[in-house]
Amino acid sequence: MDFSSLNTTAEEAARRLLGCILERTINGHTVRCRIVETEAYDETDAASHSYKGRTPRTEIMFGPPGYLYVYFTYGMHYCSNVVVGPEGVGAAVLIRAVEPIGDNAESILEEQRQGKTGKDLTNGPAKLCQALRIDTALNSHNLQKAPLKLLLQKPVEMRDIVVTTRIGIRLARDMPWRFYLRGNPYVSKL
DNA sequence: AGCGGGATTTTCT
DNA sequence: GAAAATCCCGCTT
């Protein structure tokens with residue numbers, strides 16, 4: 001898979017990643033999900049972890065595109081990002097929601113999310129990490145390889161993308177850097 | 001449907 | 001020491 005189309009601005013990459021597939025292998029089972037909601041973060045953005053430059057945590061954001069950035073927050077949750085932009089630029093796209101695809105997907109994800117079903121399996125950045133069993137063990141993972149692959153798809157049409165402000169941040173609240181698939185039931189918030 | 005609080009620990013100042 | 005790219009539950013309308 002050629003990730004050169006992610007070698008661009010966080011905003012453009014966040015649009016590009018909508019509709020793309022995450023393929024996760026858990027205990028020999030392979031589950032596929034479509035990315036339906038993203039947010040862009042880059043080093044000019046006060047809300048971004050990379051805003052204050054390189055630190056041990058953010059180093060991965062400054063690397064080449066196509067790697068996974070996982071961070072831990074609120075004492076109990078993990079969130080997943082796809083590193084984007086050219087090497088040397090600290091940019092990433094937060095995966096905020098995904099939609100399970102195929103017959104086996106939901107039942108496998110339910111095993112990771114005690115008592116939750118349907119859209120509640122994956123309609124939030126920390127929920128989808130739990131459902132797909134993503135934690136800091138996968139930080140800096142190369143998304144070309146199992147057990148977690150990113151499969152790029154045909155770019156989604158502009159008219160099928162809704163653009164809004166981001167969720168859960170304090171700084172730079174007004175920037176329109178959240179993107180989701182119009183009408184998709186797995187989107188975390190309208 | 002909407003609001004408010006608590007959980008809990010990494011990260012950087 | 002404070003904040004954090006969140007989630008879940010319980011209470012009120």
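Quick note on labels: first sequence line is chain A, next is B, and so on, each numbered from 1.
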Nearest-angstrom distance from the residue atom CG of A/L190 to P of B/dG2: 11 Å
A/Y78 OH - B/dT8 P separation (whole Å): 14 Å
Base-paired stems in DNA chain C, each at least three Watson-Crick or G-U pairs under 3.5 Å: B:1-7 with C:6-12, B:9-12 with C:1-4
Over-ring placement of A/R34 relative to A/Y186, 6.0 Å and 45° cut-offs: no
Grab the N/O contacts between the protein and nucleotides 6-9 of chain C below 3.5 Å, and write none if there aren't any.
from  : atom 1 : to     : atom 2 : distance (Å)
C/dT6 : OP1    : A/R96  : NH1    : 3.1
C/dT6 : OP2    : A/G168 : O      : 3.2
C/dT6 : O2     : A/H77  : NE2    : 2.8
C/dC7 : OP1    : A/P125 : N      : 3.2
C/dC7 : OP1    : A/A126 : N      : 2.9
C/dC7 : OP1    : A/K127 : N      : 3.1
C/dC7 : O4'    : A/H77  : NE2    : 3.2
C/dC8 : OP1    : A/R113 : NH1    : 3.1
C/dC8 : OP1    : A/R113 : NH2    : 3.0

Do [X] and [Y] have side chains that get closer than 4.5 Å, going by heavy atoms?
X      : Y      : result
A/Y41  : A/H49  : no
A/S48  : A/D42  : no
A/K149 : A/L151 : yes
A/K189 : A/R178 : yes

Side chain to side chain donor-acceptor pair (under 3.5 Å) pairs, two or more places apart, involving residues 133-143 of chain A: A/Q112-A/R133
Any pair counted as side chain to side chain donor-acceptor pair (under 3.5 Å), so long as it reaches residues 76-95 of chain A, sequence neighbours left out: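 Those involving residues 76-95 of chain A do not exist here.
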Expected rows: protein N/O vs nucleotides 10-13 of chain B N/O, under 3.5 Å:
from   : atom 1 : to    : atom 2 : distance (Å)
B/dC12 : OP1    : A/T55 : OG1    : 2.3

Side-chain donor/acceptor of A/D120 to backbone N/O of A/K127, under 3.5 Å: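 The answer is no, because no donor-acceptor pair under 3.5 Å joins these two groups.
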Positive for side-chain contact (heavy atoms from CB on, under 4.5 Å) with A/Y180, one of A/V163, A/T164, A/I35, A/I161: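 Of A/V163, A/T164, A/I35, A/I161, side-chain contact (heavy atoms from CB on, under 4.5 Å) with A/Y180 is met by A/T164 alone.
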Sequence neighbours excluded - salt bridge (Lys or Arg N to Asp or Glu O under 4.0 Å) pairs with any residue from residues 56-72 of chain A: A/R54-A/E59
